[in-house]
Number of protein chains: 2
Amino acid sequence: MLSDVPIGEASRASGVKVATIRYYEQIGLISAPPRTEGNRRLYDRRDIERLLFIRHARDLGFEIDAIRTLLDLQDNPDQSCATADAIARARLSDVESRIAKLLSLKVELQRMLECTAHGRVDQCRVIEVLGHHEECMHPTH
Amino acid sequence: MLSDVPIGEASRASGVKVATIRYYEQIGLISAPPRTEGNRRLYDRRDIERLLFIRHARDLGFEIDAIRTLLDLQDNPDQSCATADAIARARLSDVESRIAKLLSLKVELQRMLECTAHGRVDQCRVIEVLGHHEECMHPTH
DNA sequence: CCTACATCCTCTAGCGACTAGAGGAGCAAG
DNA sequence: CTTGCTCCTCTAGTCGCTAGAGGATGTAGG
């Protein structure tokens with residue numbers, strides 16, 4: 001079951017869009033599956049697991065190139081997992097720095113929106129703060 | 001002072017790269033400045049302030065289209081600031097949801113890296129967790 | 001005046017990771 | 001046999017730049 005299914009079903013089963021599956025094949029992230037006589041792609045359970053793996057990794061923000069490496073590691077499980085560790089660790093620190101940056105953006109945006117007098121633009125903090133950047137990018141607040 | 005300067009100086013003064021300034025002109029985010037006899041662009045203080053405004057807004061993650069609207073509001077300050085407010089509010093909620101997502105990614109990545117036995121790939125949690133997505137996308141952990 | 005060298009100009013193509021759409025073929029059900 | 005869905009390939013567009021080619025202009029020193 002879930003063997004020799006067409007692309008639409010593989011898409012439904014994996015959560016990866018049809019066009020994206022074809023794109024992954026095109027860039028060589030997945031290999032080209034066999035075809036029916038009518039030239040339609042046929043996927044089996046392993047293919048769908050790969051797609052799920054890819055989707056999960058993409059959801060976690062891994063780049064295609066990193067996923068390429070991770071898939072390769074999955075295929076050759078007798079290697080050291082140092083590479084996989086390094087990739088995940090790099091991703092973690094990326095996520096952490098993004099969080100830090102977004103938190104400071106959040107503070108600044110909230111500050112911008114501290115304008116209870118919803119009047120005209122010339123009294124509005126949003127435009128004002130954007131115009132007076134000097135006072136904002138410094139970590140003095 | 002800072003009037004009739006060439007693009008390189010406008011770039012240095014605003015922190016927006018030369019190529020990016022030309023790109024902004026091309027897409028109509030800023031208007032085409034006058035030129036010298038030798039066909040070089042000349043920027044004045046107002047232009048540089050616009051570039052700073054844009055840069056600050058970009059740093060805060062506003063999209064070009066949003067910035068277009070914000071610049072327009074800045075030029076017509078007799079309008080209601082509701083639009084500016086809405087844009088900033090939308091940006092804030094975007095930032096907040098990104099933070100939330102990244103925080104849960106962080107947790108999942110940390111869980112992936114809880115593998116102290118740095119052995120071979122077949123014992124490695126990184127690959128394993130990516131392969132067994134079912135247990136991860138559910139909010140049960 | 002000549003020569004370096006920096007800066008400027010336009011134009012085109014590339015990035016990442018898809019997404020959308022045109023135009024056509026295959027296939028299952030009624 | 002026709003309707004309507006899925007599938008095929010191919011191309012171009014998205015966003016916000018960035019890089020590079022190939023050439024013109026401007027400035028400082030010898």
Side-chain angles (χ1 to χ4, degrees), chain A residues 2 4-30 32-43 47-48 50-51 53-71 87 90-91 94 98 101 105, chain B residues 2 4-30 32-43 47-48 50-51 53-71 87 90-91 94 98 101 105:
Chain A
L2 277 205
D4 294 336
V5 296
I7 198 166
E9 203 164 327
S11 167
R12 250 165 278 132
S14 64
V16 182
K17 288 189 189 167
V18 168
T20 307
I21 297 176
R22 285 197 277 247
Y23 166 73
Y24 286 161
E25 181 184 325
Q26 187 195 307
I27 61 168
L29 187 62
I30 59 179
R35 305 269 184 134
T36 65
E37 286 192 3
N39 197 32
R40 297 179 172 213
R41 292 168 177 84
L42 282 183
Y43 297 92
D47 295 323
I48 288 161
R50 293 211 135 207
L51 287 171
F53 184 100
I54 293 168
R55 210 205 72 188
H56 191 200
R58 287 293 301 137
D59 283 346
L60 285 167
F62 288 96
E63 291 177 2
I64 298 287
D65 255 17
I67 297 175
R68 227 183 270 274
T69 308
L70 291 170
L71 282 171
I87 290 171
R91 180 71 195 126
D94 180 41
R98 270 167 210 265
K101 194 186 172 200
L105 293 192
Chain B
L2 277 204
D4 295 337
V5 296
I7 198 167
E9 202 163 327
S11 168
R12 249 166 279 132
S14 65
V16 182
K17 289 189 188 167
V18 168
T20 308
I21 296 176
R22 285 197 277 246
Y23 166 73
Y24 286 161
E25 181 184 324
Q26 187 195 307
I27 62 168
L29 187 63
I30 58 178
R35 305 270 184 134
T36 65
E37 284 192 3
N39 197 33
R40 295 175 175 216
R41 292 170 178 83
L42 282 184
Y43 297 92
D47 295 323
I48 288 163
R50 293 213 135 207
L51 287 171
F53 184 101
I54 293 168
R55 211 204 72 188
H56 193 200
R58 287 294 300 138
D59 282 346
L60 285 167
F62 288 96
E63 291 176 4
I64 297 287
D65 256 16
I67 296 174
R68 227 183 271 273
T69 308
L70 292 170
L71 282 170
I87 290 172
R91 180 70 195 128
D94 181 40
R98 270 167 210 263
K101 195 186 171 202
L105 293 193

Enumerate, atom names and distances included, each donor-acceptor pair closer than 3.5 Å involving a side-chain atom of residues 5-23 of chain A, sequence neighbours excluded.
unit_1, atom_1, unit_2, atom_2, d
Ser11(A), OG, Val16(A), O, 2.7
Ser14(A), OG, Ala10(A), O, 2.8
Ser14(A), OG, Ser11(A), O, 3.4
Ser14(A), OG, Val16(A), N, 3.2

Query - Contact letters for nucleotides 25-30 of chain C, in which S counts primed atoms plus P, OP1 and OP2 and B counts the base, heavy atoms under 4.0 Å - result: BBS---
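Qualifying side chain to side chain donor-acceptor pair (under 3.5 Å) partners for Arg58(B), counting only residues two or more places apart in sequence or in other chains: none. Applying the side chain to side chain contact (heavy atoms under 4.5 Å, CB included) rule to Glu63(B) yields no partners; only residues at least two apart in sequence or on another chain are considered. Residues meeting the salt bridge (Lys or Arg N to Asp or Glu O under 4.0 Å) test with Asp94(A), sequence neighbours left out: Arg91(A), Arg98(A).
Residue Glu9(A) is the one, among Ile64(B) and Glu9(A), whose nearest nucleotide of DNA chain D lies closer to the 5' end (criterion: closest heavy atom).
Under the 4.0 Å criterion applied to side-chain N and carboxylate O atoms, Asp47(B) and Arg50(B) are not assigned as salt-bridge partners.
Comparing the end axes of the helix from dC1(C)-dG30(D) to dG30(C)-dC1(D), each fitted to five base pairs by superposing C1' atoms of four pairs onto the next four, gives an inter-axis angle of 10° (nearest 10 degrees).
Leu29(A) and Ile67(A) get closest at one heavy-atom pair: CD1-CG2, 4.3 Å.
Atom C1' of nucleotide dT7(C) and atom CZ of Arg41(B) are separated by 13 Å, given to the nearest angstrom. At whole-Å resolution of the value, CD1 in Ile54(A) and C1' in dC18(C) are 14 Å apart.
Atom CZ of Phe62(B) is separated from atom CD1 of Ile87(B) by 7.5 Å, given to the nearest 0.5 angstrom. From Leu60(A), atom CG reaches atom NZ of Lys101(B) across 8.5 Å, with rounding to the nearest 0.5 Å.
First and last contacts of DNA chain D with chain A, using any nucleotide atom under 4.0 Å from a protein heavy atom and ordered 5' to 3', fall at dT6(D) to dT9(D).
Sorted by first and then second residue, the pairs that involve residues 33-42 of chain B and meet side-chain hydrogen bond (donor to acceptor under 3.5 Å, both in side chains), not counting sequence neighbours, are Glu25(B)-Arg41(B), Arg35(B)-Asn39(B).
Shown for residues 13-30 of chain B: residues whose heavy atoms fall under 4.0 angstrom of DNA chain D, namely Lys17(B), Thr20(B), Tyr23(B), Tyr24(B).
Taking 4.5 Å as the limit, every side-chain heavy atom of Arg55(A) sits out of range of all side-chain heavy atoms of Leu51(A).
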